[in-house]
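In what follows, every chain begins at residue 1, and chains take the letters A, B, ... in the order their sequences are listed. Computed from heavy atoms alone, side chains included, the values below leave out hydrogens, waters and symmetry copies. No experiment lies behind these values; they were computed from the predicted model shown.
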Protein chains: 2
Amino acid sequence: MSDNSIKNMEDFAAVSGISRPTVSKYFNDPKSVRASTRSKIETALEKYDYRPNIYAINQNRSRTKNIGLVVPNMTDPFFAAIARALEGLILDAGFSPLLLSSHGGADQEVANLESLRAIKPAGVLLAPWGRASNLAEVCRFADQIPTVLFDANLDGVGAGFFGSDNVQSIDLIVDYLCRSGEAPAFFEMENPINPNALRRRTAYVAAMERQNQTATFIRVKGDGWDFEEIGYREGLRLFAQGDLPSSTILCSNDRLAIGLLAAAFERDIKVGLDSDCSLRIAGHDDHPFARYTCPGLTTIAQDYAAIGARSVEAILKLIHRPDQPKTREMALFEGRLVMRGSA
Amino acid sequence: MSDNSIKNMEDFAAVSGISRPTVSKYFNDPKSVRASTRSKIETALEKYDYRPNIYAINQNRSRTKNIGLVVPNMTDPFFAAIARALEGLILDAGFSPLLLSSHGGADQEVANLESLRAIKPAGVLLAPWGRASNLAEVCRFADQIPTVLFDANLDGVGAGFFGSDNVQSIDLIVDYLCRSGEAPAFFEMENPINPNALRRRTAYVAAMERQNQTATFIRVKGDGWDFEEIGYREGLRLFAQGDLPSSTILCSNDRLAIGLLAAAFERDIKVGLDSDCSLRIAGHDDHPFARYTCPGLTTIAQDYAAIGARSVEAILKLIHRPDQPKTREMALFEGRLVMRGSA
DNA sequence: GAAAAAACTTTACGCGTGATAAAATTAAGT
DNA sequence: ACTTAATTTTATCACGCGTAAAGTTTTTTC
């Protein structure tokens with residue numbers, strides 16, 4: 001027969017013995033048709049494996065069933081893990097995730113938003129590049145398409161933000177470090193791109209105040225996202241100089257700490273809690289590799305299960321009720337202290 | 001005026017003073033219209049920022065300007081790095097990359113191919129899941145849509161394969177290890193999913209033969225992609241037992257080695273070349289984190305610049321001349337020895 | 001078992017663009 | 001200015017599906 005000639009819904013409707021509009025209805029919602037016709041269609045479906053043309057479907061719809069997902073840097077395992085979790089949640093909600101990475105920088109971020117615009121997504125989950133983001137463009141985008149921010153906040157942009165409570169988490173780890181040894185110095189980049197880095201800095205100052213300690217900083221130079229390299233290079237330099245402000249170092253993020261630990265190892269500086277150790281190092285984020293550093297990295301685990309769940313929930317609500325009151329939703333989730341050998 | 005009412009090409013053609021078919025021609029190839037009309041269109045473009053509806057464009061086309069890019073696991077920084085490089089090459093060629101990860105396993109791989117089918121990509125670059133891949137489905141897909149494999153080969157599937165020459169690279173590192181100390185034992189998983197693991201195993205046997213050494217294996221249990229965890233857990237177990245077949249261990253890949261190094265550190269086993277070290281560990285792939293292990297991991301760097309370039313080149317050739325002779329192209333690229341502290 | 005409700009069929013149109021043939025215009029060369 | 005080639009315009013169809021209206025059949029309800 002003409003088995004292979006099922007080119008469109010018309011043809012498929014013919015072989016399944018159902019009219020095309022009903023078949024169309026079926027594909028939009030299988031439960032919206034009578035059980036008997038549904039089974040007829042599904043029988044034919046098994047035999048002819050037809051699928052509606054996605055472009056024709058979306059041509060009329062002003063919004064599709066896609067949800068854009070933009071992360072600043074997929075090469076960072078931390079974001080890769082979050083992205084993966086979010087993909088799952090989006091799929092569960094019956095939408096198709098479209099994952100894009102802004103690794104090129106703020107320009108790539110804008111380019112990603114442009115690509116998404118062309119695809120007319122129902123909504124977008126955006127972890128912005130950071131301070132360097134093209135705020136005007138991101139704003140313009142968020143005004144046109146339902147957008148929820150996660151991981152890093154840009155004030156007032158999008159319909160909501162969900163991320164970590166840096167004040168709580170930094171307080172938690174500063175408290176732990178102070179109780180278990182010398183108060184920590186804060187290791188950070190001079191000009192961090194990520195807004196979270198700035199918030200953690202402020203949170204560190206406040207936490208140290210609460211501990212009646214004076215905040216001290218180790219600020220290092222470095223551009224871009226090659227944090228391990230920066231931590232390593234600057235660690236080597238610092239250890240060579242030998243004038244650390246404290247024997248406990250709290251890094252602004254795990255990736256800096258990973259580099260710093262490698263530098264300490266190379267310089268034969270024992271890191272940890274034991275009596276023969278001269279340095280303690282802690283991080284923030286619970287990077288997937290934090291448990292395989294030497295020693296394992298004491299750090300803060302972000303609750304990104306919760307962050308992801310709430311972000312997806314928010315974007316879905318926005319999609320289903322697009323004309324709701326314009327109150328910007330926002331929630332910060334507590335971090336959890338993960339104790340390993342390094343501090 | 002009616003500034004914002006540019007809803008389609010008709011409207012845009014009107015405001016730019018050019019007929020719609022000519023505008024259409026412009027968007028398909030700006031150089032195909034007269035310079036004067038081109039500038040007219042581009043002037044209007046700046047003023048009204050219209051962009052053709054991507055769904056309407058693709059509705060008729062049997063193939064789009066998209067190239068699918070499927071990697072087994074984006075959470076693995078190695079694949080994240082390759083994917084990023086490939087994305088750049090695809091963009092340079094004037095196509096849009098669509099990146100998908102099969103992290104769910106072979107089922108997700110099939111699902112990804114299904115998604116891609118719906119999008120009608122011009123071609124697909126596929127790094128297959130491995131032995132567990134649904135061979136029949138992948139084959140069926142590759143028969144319908146131009147497909148090139150990279151990283152891992154599936155015999156006869158797709159129009160070509162580009163990857164690393166495991167025989168050369170393993171020979172290179174075995175030779176180095178033998179010259180610089182005790183001949184290596186091969187650390188691997190019992191049932192590796194990745195075809196490269198099997199090839200490296202065979203290559204190891206052959207290389208040891210050439211060195212007049214007897215091949216010895218350390219085979220460990222473990223499922224899935226959590227290689228660091230497996231290396232770490234099994235490393236702890238092995239070191240507790242204390243009956244290693246050799247003081248030099250060549251791991252099937254870097255991620256196993258990273259776990260193994262962490263285990264050695266925890267057990268106070270000094271790894272490296274110095275006289276006070278009792279163990280040497282080497283890996284394969286030059287994982288982005290290999291330079292931050294303690295000590296830095298001696299390994300083989302895959303030439304994935306070349307692999308990526310050739311893969312993209314091959315898929316482009318296939319797209320432009322779809323009916324060329326059906327010889328399956330294939331090339332293996334040499335690895336480079338990266339010497340660090342661990343061996 | 002009849003009336004009401006629900007689901008389906010038929011018919012027809014619209015979406016925004018690509019493609020093409022024939023006619024009209026413009027540019028280039030002499 | 002005239003010829004010729006190149007380009008643009010006009011007009012029309014195609015693509016595959018969503019959707020609405022009107023009529024028909026099936027199922028549910030009492």
Side-chain angles (χ1 to χ4, degrees), chain A residues 2 4-45 48-66 94 96 117-122, chain B residues 2 4-45 48-66 94 96 117-122:
Chain A
S2 49
N4 305 340
S5 58
I6 310 291
K7 279 288 162 197
N8 53 32
M9 198 179 274
E10 193 88 48
D11 291 357
F12 178 73
V15 299
S16 60
I18 305 288
S19 72
R20 188 178 69 74
T22 303
V23 171
S24 170
K25 238 185 125 193
Y26 166 82
F27 278 110
N28 282 312
D29 179 10
K31 283 169 299 191
S32 70
V33 303
R34 203 149 48 200
S36 60
T37 62
R38 180 176 171 178
S39 70
K40 272 196 214 169
I41 291 173
E42 285 171 351
T43 306
L45 214 46
Y48 295 95
D49 100 301
Y50 154 82
R51 29 177 51 218
N53 181 311
I54 195 171
Y55 297 104
I57 291 175
N58 287 323
Q59 174 160 352
N60 303 324
R61 292 205 189 298
S62 56
R63 284 290 142 76
T64 66
K65 292 283 274 182
N66 301 318
S96 300
R117 213 195 297 274
I119 282 155
K120 299 183 186 174
Chain B
S2 50
N4 304 341
S5 58
I6 309 291
K7 279 290 165 197
N8 53 33
M9 198 179 275
E10 193 86 49
D11 292 355
F12 178 74
V15 299
S16 61
I18 304 290
S19 73
R20 189 182 67 75
T22 303
V23 172
S24 170
K25 244 186 116 191
Y26 166 82
F27 279 109
N28 283 311
D29 179 10
K31 283 169 299 189
S32 70
V33 302
R34 200 148 50 199
S36 60
T37 64
R38 179 175 172 179
S39 70
K40 272 195 213 169
I41 292 174
E42 284 170 351
T43 305
L45 214 46
Y48 294 95
D49 99 301
Y50 153 82
R51 29 178 50 216
N53 181 313
I54 196 172
Y55 297 106
I57 291 174
N58 288 322
Q59 176 160 347
N60 301 328
R61 291 206 191 298
S62 55
R63 287 287 144 74
T64 66
K65 290 285 273 183
N66 301 317
S96 300
R117 213 196 296 274
I119 282 157
K120 300 183 185 174

To the closest 0.5 Å, what do you measure between [atom1] ([X]) and [atom2] ([Y])?
| X | Y | atom1 | atom2 | value |
| --- | --- | --- | --- | --- |
| B:S36 | B:I41 | OG | CD1 | 9.5 Å |
| A:I18 | A:F12 | CD1 | CZ | 9.5 Å |
| B:T64 | A:I54 | OG1 | CD1 | 10.5 Å |
| A:S96 | B:I119 | OG | CD1 | 8.0 Å |
| A:N58 | B:N58 | CG | CG | 11.0 Å |

Exercise for review: Please determine, for the side chain of B:I57, which listed nucleotide (D:dT9, D:dC17, C:dT17) has the closest atom?
Suggested key: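 When the side chain of B:I57 is considered, C:dT17 is the closest of D:dT9, D:dC17, C:dT17.
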Listed partners of [X] passing side chain to side chain contact (heavy atoms under 4.5 Å, CB included), at least two apart:
| X | answer |
| --- | --- |
| B:I57 | B:P52, B:R61 |
| B:D49 | A:R140 |
| B:S39 | none |

Report yes if at least one side-chain N or O of [X] is closer than 4.0 Å to OP1 or OP2 of [N]; otherwise report no.
| X | N | answer |
| --- | --- | --- |
| B:N53 | C:dG16 | no |
| B:N28 | C:dG18 | yes |
| A:S24 | D:dC17 | no |
| A:S19 | C:dT9 | yes |

In whole angstroms, how far is the [atom2] atom of [N] from the [atom1] atom of [X]?
| X | N | atom1 | atom2 | value |
| --- | --- | --- | --- | --- |
| B:Y26 | C:dT17 | OH | C1' | 17 Å |
| B:N8 | C:dG14 | CG | P | 14 Å |
| A:I54 | D:dG18 | CD1 | P | 12 Å |
| B:M9 | D:dT9 | CE | C1' | 16 Å |
| B:N58 | D:dC17 | CG | P | 14 Å |
| A:D29 | D:dT19 | CG | C1' | 16 Å |
| B:K40 | D:dT7 | NZ | C1' | 12 Å |
| A:Y55 | D:dC17 | OH | C1' | 15 Å |

Check your understanding: Going by heavy atoms in the side chains, are B:L45 and B:Y48 under 4.5 Å from each other?
Key ->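 They are not in side-chain contact.
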**Study point:** A:M9 side chain reached by A:Y50 side chain, heavy atoms, under 4.5 Å
**Key:**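 Result yes, sub-4.5 Å side-chain heavy-atom pair found.
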Check your understanding: Looking at A:K65 and A:G94, what are the two nearest heavy atoms and their distance?
Key ->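 Between these two residues, the closest heavy atoms are CE-O, 3.7 Å.
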Review point. Who passes side-chain hydrogen bond (donor to acceptor under 3.5 Å, both in side chains) against A:N53, sequence neighbours left out?
Key: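 For A:N53, no residue satisfies side-chain hydrogen bond (donor to acceptor under 3.5 Å, both in side chains) once neighbours in sequence are set aside.
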Check your understanding: What residues form a side-chain hydrogen bond (donor to acceptor under 3.5 Å, both in side chains) with B:T37, not counting sequence neighbours?
Key ->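 For B:T37 there are no side-chain hydrogen bond (donor to acceptor under 3.5 Å, both in side chains) partners, ignoring immediate neighbours.
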Give me, pair by pair, the N or O atoms of the protein and of nucleotides 11-14 of chain D that are less than 3.5 Å apart, along with how far apart they are.
none

Check your understanding: A:I18 or A:A56: which one's nearest nucleotide on DNA chain C is closer to the 5' end?
Key ->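 Going by which nucleotide is closer to the 5' end, it is A:I18.
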Taking only N/O atoms, report every protein-nucleotides 22-24 of chain C pair under 3.5 Å with atom names and distance.
none

Taking only nitrogen or oxygen atoms into account, show me every contact under 3.5 Å that the protein makes with nucleotides 28-30 of chain C, one pair per line with its distance.
none

Using atom names, set out every protein N or O paired with an N or O of nucleotides 28-30 of chain D below 3.5 Å, distance rounded to 0.1 Å.
none

**Study point:** Where at least one partner belongs to residues 11-23 of chain B, residue pairs that pass side chain to side chain donor-acceptor pair (under 3.5 Å), sequence neighbours excluded
**Key:**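 For residues 11-23 of chain B: B:S19-B:T22.
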Nucleotides 4-7 of chain C: which of its N/O atoms have a protein N/O under 3.5 Å away?
none

Review point. Judged by atom type as modelled, is there a donor-acceptor pair below 3.5 Å linking the side chain of B:N28 to the main-chain atoms of B:S24?
Key: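 Answer holds: yes.
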Check your understanding: If only atom types and distance count, is the side chain of B:Y26 paired as donor or acceptor with the main-chain N or O of B:K31 below 3.5 Å?
Key ->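 Side chain of B:Y26 to backbone of B:K31: no pair is present.
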Review point. Which residues satisfy the salt bridge (charged side-chain N to carboxylate O under 4.0 Å, His left out) test with B:R38, sequence neighbours excluded?
Key: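 Residues passing salt bridge (charged side-chain N to carboxylate O under 4.0 Å, His left out) with B:R38: B:E42.
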Exercise for review: For B:Y50, report the nucleic acid contact type (base, sugar-phosphate, nothing); a contact means any heavy atom under 4.0 Å.
Suggested key: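 Answer is sugar-phosphate: B:Y50 comes under 4.0 Å of backbone atoms only.
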